[in-house]
Number of protein chains: 2
Amino acid sequence: MSLRMALLTLIAGQPRSGYDINREFDGVLMFVWHAKPTQVYPELKRLAADGLIREQDEGPRGRRPYEITQEGLRTLREWLTTTSADHSQRNETVLRTFALWTVEPAEAQAFLREELEYHRARLRGLRVLQKGLDLDRPADRAALLGLEAGVRRLEAAASWAEWALGVVATWPSTTAPEQDTG
Amino acid sequence: MSLRMALLTLIAGQPRSGYDINREFDGVLMFVWHAKPTQVYPELKRLAADGLIREQDEGPRGRRPYEITQEGLRTLREWLTTTSADHSQRNETVLRTFALWTVEPAEAQAFLREELEYHRARLRGLRVLQKGLDLDRPADRAALLGLEAGVRRLEAAASWAEWALGVVATWPSTTAPEQDTG
DNA sequence: AGTATCATGTAAGACGTTACATGATTAC
DNA sequence: GTAATCATGTAACGTCTTACATGATACT
């Protein structure tokens with residue numbers, strides 16, 4: 001259900017094609033929502049068939065931009081005001097962290113260093129995007145909040161990885177043989 | 001694929017039944033990984049059939065605890081050391097934030113207040129769990145890092161929600177009629 | 001005796017990914 | 001002219017959720 005809402009949110013902000021949306025899912029929105037092109041295109045057709053978005057005139061290179069309809073906007077508002085957010089998440093970095101005691105401290109540190117670099121790089125990207133917003137546009141004012149959530153999360157993740165590197169440095173080697181379990 | 005790894009991670013830490021795992025997914029691990037009982041039970045059967053975990057003696061009330069095998073531990077280590085974490089995420093709170101300009105500021109604030117309360121409540125829960133860890137156990141040492149990641153993320157989310165409430169207070173009402181799009 | 005919790009499952013359908021396919025335009 | 005990028009899709013398969021089903025034990 002929320003893929004529909006993600007598409008409506010993007011198209012409500014400004015008219016976009018499937019291709020535009022796929023680029024957003026690979027970039028800015030990677031920490032918010034994501035979907036593959038093969039899921040996006042059929043869903044856009046369905047949204048158009050349901051009257052929540054409307055195809056604009058075909059652009060260059062077979063480009064098909066969509067704009068939101070009144071009913072689409074109404075649906076988006078209803079979702080926001082009458083339902084609660086689902087807070088369950090899947091975060092592979094933290095999942096791997098829970099299993100980190102099974103590998104050598106050196107390997108655990110390699111993993112944490114990789115995460116640290118990743119989060120730092122993303123952080124720089126988000127800050128650039130945030131500066132490019134036009135705060136006279138209502139959709140960009142909301143995007144400022146969304147990107148700020150990303151910035152703060154990435155800062156937290158980076159400082160966590162730094163802290164964790166220090167902690168893992170104090171772990172003993174896992175060379176002690178386990179009891180026979182296999 | 002990662003559900004398998006989540007189950008292996010939990011069972012590697014200590015023997016657990018499907019019921020135990022479901023409780024973790026509803027509690028501590030909600031911000032890490034989650035799955036419904038209907039997905040967990042069949043996956044445990046498959047892991048056992050593949051020799052990565054092994055059923056222990058049946059406990060009270062038809063309880064079936066599993067323990068990890070040598071091959072399961074080897075598989076877990078290989079996953080950690082030879083593959084990279086997938087960083088794509090789905091976060092409904094931030095998704096909704098990007099659409100927040102479509103509703104009245106008062107409604108946006110109600111949403112942010114709800115998020116703030118939610119994150120604060122969860123934070124208290126995680127801190128209690130963190131204090132209950134036994135740092136002589138390797139699995140608990142890794143769990144300390146995992147829970148700390150959660151604590152820092154929740155702190156970041158709560159302080160973001162507070163900041164966002166202040167920003168939204170400066171937004172003008174959305175009563176201005178939009179151009180005819182439907 | 002009745003309710004809550006413990007404990008495990010099956011079947012159908014919705015959602016998401018991987019593999020494959022096609023053609024137009026732009027840059028070198 | 002050839003490679004990269006733009007742009008949209010279909011089919012098969014795997015993952016996840018919803019609805020439904022069952023029975024044992026503990027608490028009041």
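Excluded from the calculations below are hydrogen atoms, water molecules and symmetry mates; all remaining heavy atoms, backbone and side chain alike, are included. Letters go in sequence order (proteins before strands), and every chain restarts at 1.
In this structure, B:K45 does not reach the C:dT8 phosphate: none of its side-chain N or O atoms is under 4.0 Å from OP1 or OP2. The phosphate of D:dT5 has neither OP1 nor OP2 within less than 4.0 Å of any side-chain N or O from A:R61. The shortest distance between the side-chain N/O atoms of A:Y41 and the OP1/OP2 oxygens of D:dG9 is not below 4.0 Å.
Using modelled atom types, one finds no donor on one side chain facing an acceptor on the other under 3.5 Å when comparing A:R23 with A:Y19. For the residue pair B:S17 / B:R63, a side-chain donor-acceptor distance below 3.5 Å is found, with atom types taken as modelled.
Sequence order on DNA chain D of the closest nucleotides to B:K36 and B:R46 puts B:R46 first from the 5' end. Both B:G18 and B:S88 lie near DNA chain C, and the one whose nearest nucleotide falls closer to the 5' end is B:G18. When each of A:H34 and A:P60 is assigned the nucleotide of DNA chain C with its nearest heavy atom, A:H34 is the one assigned upstream, toward the 5' end.
Rounded to an integer number of Å, the gap from A:Q39 CD to C:dA14 P is 14 Å. Rounded to whole Å, the distance from CD on B:E92 to P on C:dC15 is 13 Å. A straight line from CD of B:E43 to P of C:dT8 spans 16 Å, rounded to a whole angstrom. Spacing between atom CZ of A:R23 and atom C1' of D:dT8 amounts to 14 Å, rounded to whole angstrom units. Rounded to a whole Å, the CD atom of B:Q89 is 15 Å from the P atom of C:dG16. Rounding to whole angstrom units, OH of residue A:Y19 and P of D:dC6 are separated by 3 Å. Atom CE in A:M5 sits roughly 16 Å away from atom P in C:dA14 (whole-Å rounding).
You'll find a donor-acceptor pair under 3.5 Å spanning the side chain of B:T38 and the base of D:dT18, going by distance alone.
Look at B:R152 and B:E155 and you find no salt bridge, because none of the NZ, NE, NH1 or NH2 atoms lies under 4.0 Å from a carboxylate O.
Taking the ring centre of B:W160 as origin, the terminal cationic atom of A:R153 falls outside the region bounded by 6.0 Å and 45° from the ring axis. Under the 6.0 Å distance and 45° angle rule, A:R141 does not count as a cation-pi partner of B:W101.
The listed nucleotides are D:dT8, D:dC16, D:dA7; the one nearest the side chain of A:R90 is D:dC16. Checking C:dG16, D:dA7, D:dC16 against the side-chain heavy atoms of A:W33 singles out C:dG16 as nearest.
The residue B:S17 sits close only to the backbone: its heavy atoms come under 4.0 Å of sugar-phosphate atoms, none of a base.
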